[in-house]
Amino acid sequence: MNVLMVRAKIKEENVADARAAVGKVIQALEQARLDDVRYTASLLSDGVTFIALVELSPDGSHPLAPFPVYAEFVENLKGWYAEPPAVERMTVVGPYQLF
């Protein structure tokens, strides 16, 4: 399975907004009850760097792209970044209850 990892440093004054926006995305996913979507976002100990992981669809597309709440989140992120995000594609080789 392929996973997209995004590491993004957020401006300190926007961290609370980013956390709330992640919560809205999670809430929308929980309401949609999509069993085939795997997504997580975490805040590193520096308090400003987020790591997000999402399992890509079998065709390589981003499964959250169709969600309006996610699109709004991504649009807001553009103004919240302290620096350009790092985006990596990964191949999972040994998951245990994460993906």
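Computed from a predicted model, the values in this text were never measured in an experiment. Below, each value reflects all heavy atoms present in this structure, side chains not excepted, and no hydrogens, waters or symmetry copies.
- Counting only heavy atoms from C-beta outward, the side chains of E55 and V92 never approach each other to under 4.5 Å.
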Trace of the side chain to side chain contact (heavy atoms under 4.5 Å, CB included) decision for V3 with R38 = CA-CA 9 Å; V3 173; R38 306 282 182 265; over 6 Å; no
Donor-acceptor pairs are to be reported for all side-chain atoms of residues 45-52 against protein atoms at under 3.5 Å, with residues two or more places apart or in another chain.
from : atom 1 : to  : atom 2 : distance (Å)
D46  : OD1    : V48 : N      : 2.9
D46  : OD1    : T49 : N      : 2.9
D46  : OD1    : T49 : OG1    : 3.4
D46  : OD2    : T49 : OG1    : 2.6

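- Within the model, atoms CD1 of I26 and OG1 of T40 stand 6.5 Å from one another, a figure rounded to the nearest 0.5 Å.
- The CG atom of L64 sits 5.5 Å away from atom CG of L29, with the distance rounded to the nearest 0.5 Å.
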Show which side-chain atoms of residues 69-87 pair as donor or acceptor with protein atoms under 3.5 Å away, not counting sequence neighbours.
from : atom 1 : to  : atom 2 : distance (Å)
Y70  : OH     : H62 : NE2    : 3.2
E75  : OE1    : K78 : NZ     : 3.1
N76  : ND2    : E72 : O      : 3.4

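- Closest approach of L53 to M90, counting heavy atoms only: CD2-CE, 3.7 Å.
- Residue-environment remark: CD (E13) exceeds the threshold of 12 foreign heavy atoms within 6.0 Å.
- By the 4.5 Å heavy-atom criterion applied to side chains, P63 and V54 are counted as neighbours.
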